[in-house]
Protein chains: 2
Amino acid sequence: MATIYEVAALAGVSPATVSRVFNGHTVSPEKVRLVREAAATLKFAPNRTARRLRNQSSELIALLIPDIENPFFTALARGVEDRAQESGFSVVLCNTDDDPAKETRYLEIAMSEGMAGVILAPAASDGDLAQIVAQGRPVVAVDRSTGFDIDAVMVDNRAAGAAATTALFDAGFRRVACIAGPLGIESTEERYLGWRQVVAKRSDGTDAPEFLQHANYRVDGGRTAMAALLALETPPDAVVTTNNLMGVGALQVLAEAGIAPPAFGVAIVGDLPFTTFSPDVVTQVHLPARHLGVTAASMLMDRIAGDTQPARIVVLRARIASDADADSV
Amino acid sequence: MATIYEVAALAGVSPATVSRVFNGHTVSPEKVRLVREAAATLKFAPNRTARRLRNQSSELIALLIPDIENPFFTALARGVEDRAQESGFSVVLCNTDDDPAKETRYLEIAMSEGMAGVILAPAASDGDLAQIVAQGRPVVAVDRSTGFDIDAVMVDNRAAGAAATTALFDAGFRRVACIAGPLGIESTEERYLGWRQVVAKRSDGTDAPEFLQHANYRVDGGRTAMAALLALETPPDAVVTTNNLMGVGALQVLAEAGIAPPAFGVAIVGDLPFTTFSPDVVTQVHLPARHLGVTAASMLMDRIAGDTQPARIVVLRARIASDADADSV
DNA sequence: CTGAAAGCGCTAACAG
DNA sequence: CTGTTAGCGCTTTCAG
């Protein structure tokens, strides 16, 4: 890997001039040509590590997500990437597994790597954000909020939960259960509260406490919970799941039991990935995953550019998906 | 962020000693204690940028994949990450969109960022690997091969295509079509050849040339191709798709046409992500995505550690998935 | 075992 | 407009 010194020598100029050429500063056209030629023959590319050490910041941002295998988060990542790309930033993706320790470790790496900023979908209980925030590095939270006074992009989870539930009642179901995520995850709590609100208003009173199931946020969690629901003495006739993967699990169990929708009502907060179900049959409350990513990245870019306004919270709307949607996942 | 100088001052030792403590070199127990205490109170973490500039290499590896929203690649990524983690490496994920220009750009970044190595699922036509290979940085190809003499981890694609096709004939189907990916992508070509071999042997001669459809590698490609197949004067009674997403597209069209499996035979080379279909109904040739990742990462770790044996090609077996499989996706 | 000092490649004053 | 120079924070000889 050639250095600016070698390029400078070949072009007959000083290293500083080479640096200027590559940073868009004013240099006489003649020397620009000389430098570019020299750089080309030497296949020179500026060493980003050295540049970063000097500048104390890079064109790299970190994106920490809990589960890279969940299409919701990959769509979000895609949005982040596209927006970051536009501003010349590259994205480092880190999988936290919803593990606060891993989250903290990656946060530390992001700092000591001198990354320009981080977008964080926080784990259930926060890792140690304190340090990175104190240091003044830009951080944007996405999907879940943190205890810190930082920018955040959220979804109106309660409304989403309510919308899913309402759709089921409107379709004529009366005994609407809920498969919620683990306790302590904000987005899940909110979606579950949306469900409860609507049930309180519209149910005919036959719903049992067992109609609320807590499960892990994955396919197998959905399976377990759905099986438990079906085993009840008086089972529900419909179910709301508070995320996409649990919805898949529920549908699998239903299919195996021979009571696939629309015989049994299913509404999902989130998008059913790669589904063969029509939105007419399984209600999906579309979460703007990609848009969340784009928005978060935009906010981060602002901060990196030096924006110092007070922390903003942006809340995006979820909406019932229809066949007309060509959007995402 | 504290520096080793501040730690050294507080501990009453030289910066060199601080460095030694953090790199496991021999230092008297007494000073080790002093340094650790000082570091703790200052919340010191070594600056990776500076360290890298000095060492010319980091504990970061790049993983370049064509599509982060394809579960095959995220499972692969997961494998890479888990294995890299074990050796203390972090993984930077880059999305190439199957675009050689983007691939080349990320390759350059990987180099100038001083990353320890890269794992590459090459785009259709190779980006510029020449430079990075010439420079001697470790590169491992995965899923698709390159024109270069480097380590590679592949799947036995021809056998996979043949297995999918055979399963369909064994189930009694006789007019087995194939939805293949774009021309020029090796994995697809091979899987399609596997299909052709079996068809030549077992078909009753009624198959038309139109039974082979080339489509883009995504859900909509599968949809278009399946629709074309169904529109034929004498349509097939079964179809093999050469990747997972096209399989989803085909199933969607079939469902909409009211001829879902098992009425119409479907076999997929790859795993149907988040499916509600039983493997008894839709044949899936399981691709060891995660295992590919683990293997590639292992090979890369070897190279980074200084292994200089000649380039190895590892071929992993695909196999028909059954209900018993709890594995992956 | 420990300290002093050189330098990894680059950029940003500061002169000229 | 351009060259000289001083570090960014760390590791690593080289002496002691």
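Order of the sequence lines fixes the chain letters, A, B, ..., with proteins taken first and strands second; residue numbering starts at 1 for each chain. Note that this is a predicted model, so its numbers are computed, not measured.
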Which residues pass the ring-ring contact (aromatic ring centres under 6.0 Å, His included) test with F44(A), sequence neighbours left out? F22(A)

Residues in side-chain contact (heavy atoms from CB on, under 4.5 Å) with [X], at least two apart?
X       : answer
L316(B) : V153(B), P288(B), H291(B), L292(B), T295(B), V314(B)
A77(A)  : L63(A), L93(A), I68(B)
Q135(A) : M111(A), R137(A), M1(B)
I61(B)  : V80(B), A84(B), F89(B), V91(B), A116(B), I119(B), L300(B), M301(B), I304(B)

For [X], check salt bridge (charged side-chain N to carboxylate O under 4.0 Å, His left out) against everything at least two apart and list the hits.
X       : answer
R48(B)  : E113(A), E59(B)
R105(A) : none
D82(B)  : R78(B), R290(B)
D302(B) : R312(B)

Considering only heavy atoms of chain A and a distance under 4.0 Å, specify the first and last nucleotide of DNA chain D in 5' to 3' order that meet this criterion. dC1(D) to dG9(D)

Please give the angle, rounded to 10 degrees, between the axes at the start and the end of the helix from dC1(C)-dG16(D) to dG16(C)-dC1(D), where five pairs define each axis. 40°

Just by protein heavy atoms under 4.0 Å, how would nucleotides 8-14 of chain C read 5' to 3' in B, S and -? BBBBBB-

Please find the pair of heavy atoms, one from T146(A) and one from A141(A), that lie closest to each other, and give the distance. CG2-CB, 3.9 Å

